[in-house]
Amino acid sequence: MLLDRNAAVKIKNQKLKNSGIVSIDVNLKSQRKQKIIIGANLINQIEINIKAKKYDKVIIFSDSIIKKLHNDYLNEVVEVTGAIGIINIKAAPHIKDFAFLKRIIDKLISYRLNRGSAIIAIGGGTLIDLVGFVASLYMRGIDFIAIPTTLMAQGDTVIGKVGVNYEKFKHLLGSFYSPTLTFSDSYFLKSLNEQEKFNGLVEVWKHAILTRDEHLLNYFSEENFYKLKKNTGVLQNIIASSIVIKKKFVERDIFDINGKHAALSLGHTFANYLEQGGNIRHGEAILVGTIFCTFLSNRAKKLTDKKASLIFNMSRKFLKILKYNNKLIFKKVKSEEVVIESLKFDKINTVEGSYNFVVPANNGYTQLKKVSREEIKDCLILLKAFMKDNYLR
Ligand SMILES: NC(=O)c1ccc[n+]([C@@H]2O[C@H](COP(=O)([O-])OP(=O)(O)OC[C@H]3O[C@@H](n4cnc5c(N)ncnc54)[C@H](O)[C@@H]3O)[C@@H](O)[C@H]2O)c1
């Protein structure tokens, strides 16, 4: 667990009676403070807020697509931040492999970054997770600043956790760490294609399911759903609502201890398995994971048929737009035994051999503990039938 350098550390010596053991309580009041600015054309905000930090050095890691599509913006960021280096990386699942970390760390060393420096990450969730994780490790943690450029990253990635994959295990390595500053500029959303927008909207929808937030759910209604891709202003509002919800969950449970933070992993346990190998997009995997958990919850009588069908109907709309990777998903879920064995080793399980899942429930969400292999198997069969019914050619 990461200690914040500004955290109030309260040390209390308690001599345990006659044992000679000294017990020390370390009371971490807060993590590194975080400011998130959401809006359009934020260069001015970037300049003011970063200059105010008086960093010794700043370097930038950018998704190479941003150089290609938004080179002027990138140049402006370099200019207003006085960045001494810019490293372009093509975002692909493999950059979140453990082996790739060394390349980033070597860059930080070559620029002699110190604890007074900051790293800026400009890109989607893939690059932000990678750079954020390195920032959390380098010299025990230096500031990192996120300029998220996908809807996924703007609406979800930038609070709470960063991590990378180890071999086939998704996010096996990570830290509870957030960017000090985040600038979510809706300018970037204009170059995202429809699939990438809806890929990100799956996580926003997840926040709406968890909280049953009427305002947010309304954006996903029959009337509004298909309009979402068109209006950047509306997307900006949705992103802000999504971040406010995520912030509330994370603030109540920064280090993932009391179940609030874990709630955000609705759909993720199953998604972590689907994403192994890196060919299925995150939003797509969460969607399938949410369908699976809806079956689990309905079977466990935590979700009425009526409420489950609302989630299934919305899932169908997403599936249609995402043009999901049918073949790969079918291949992955073909053998129930393989899936069940793989799900065993997920971060959410705290007892060897037992299965936990966050699932949608009548009043928002709940955590099902000790789900049996039989229950998982039944729901996998239901999931497969659902996917087949909604198969797109
Ligand atoms: N740490 C967290 O809490 C958290 C939360 C959600 C997702 N994630 C992680 O984020 C990753 C997925 O993020 P993502 O969906 O942003 O994917 P991504 O970063 O891989 O980006 C998707 C694609 O969009 C391109 N792209 C980026 N910005 C663009 C722009 N403005 N215009 C056009 N194309 C652009 C990228 O080059 C890439 O090809 C996953 O690895 C997931 O695990 C982490």
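Every number for a ligand or one of its atoms is a count from 1 in the order of the listing.
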>> Could you work out, for atom 16 (O) of ligand 1, the closest of Thr150, Asp63, Ile122, Asn272 by heavy-atom distance?
In response: Thr150
> Strictly under 4.0 Å, does any heavy atom of His171 approach an atom of ligand 1?
Replying inline: yes
>> Please determine whether a side-chain nitrogen of the Lys or Arg among Glu251 and Lys260 lies less than 4.0 Å from a carboxylate oxygen of the Asp or Glu.
In response: no
> By number and element, which atoms of ligand 1 are closer than 4.0 Å to a non-hydrogen atom of Gly125?
Replying inline: 10 (O), 11 (C), 13 (O), 14 (P), 16 (O), 19 (O)
> When you measure from atom 28 (N) of ligand 1 to each heavy atom in Ile95, Leu127, Thr149, Ile66, which option holds the nearest one?
Replying inline: Thr149
> Centre of Tyr273's six-membered ring, under 6.0 Å away, within 45 degrees of the axis: is that where NZ or CZ of Lys332 sits?
Replying inline: yes
> Does ligand 1 have any atom sitting under 4.0 Å from a heavy atom of Lys190?
Replying inline: no
> Any N or O of Glu203 that comes nearer than 3.5 Å to an N or O of ligand 1?
Replying inline: no
> Does Glu194 pair with Lys197 as a salt bridge, N-O distance under 4.0 Å?
Replying inline: no
> Does Asp256 come within less than 4.0 Å of Lys161, counting only side-chain N to carboxylate O?
Replying inline: yes
> Hey, is Lys246 one of the residues with a heavy atom under 4.0 angstrom from ligand 1?
Replying inline: yes
> Where does Lys96 meet ligand 1, judged by heavy-atom distances below 4.0 Å: at the side chain, the backbone, both, or neither?
Replying inline: side chain
>> Check Glu341 with Lys344, please: is the shortest side-chain N to carboxylate O separation under 4.0 Å?
In response: yes
> Below 4.0 angstrom, N of the basic side chain to O of the carboxylate: do Glu203 and Lys246 qualify?
Replying inline: no
>> Minimum distance, heavy atoms only, to atom 9 (C) of ligand 1: which one of Asn193, Val164, Asp129 is it?
In response: Asp129
> Taking the side chain from Asp185 and the backbone from Leu42, do they hold a donor-acceptor pair closer than 3.5 Å?
Replying inline: yes
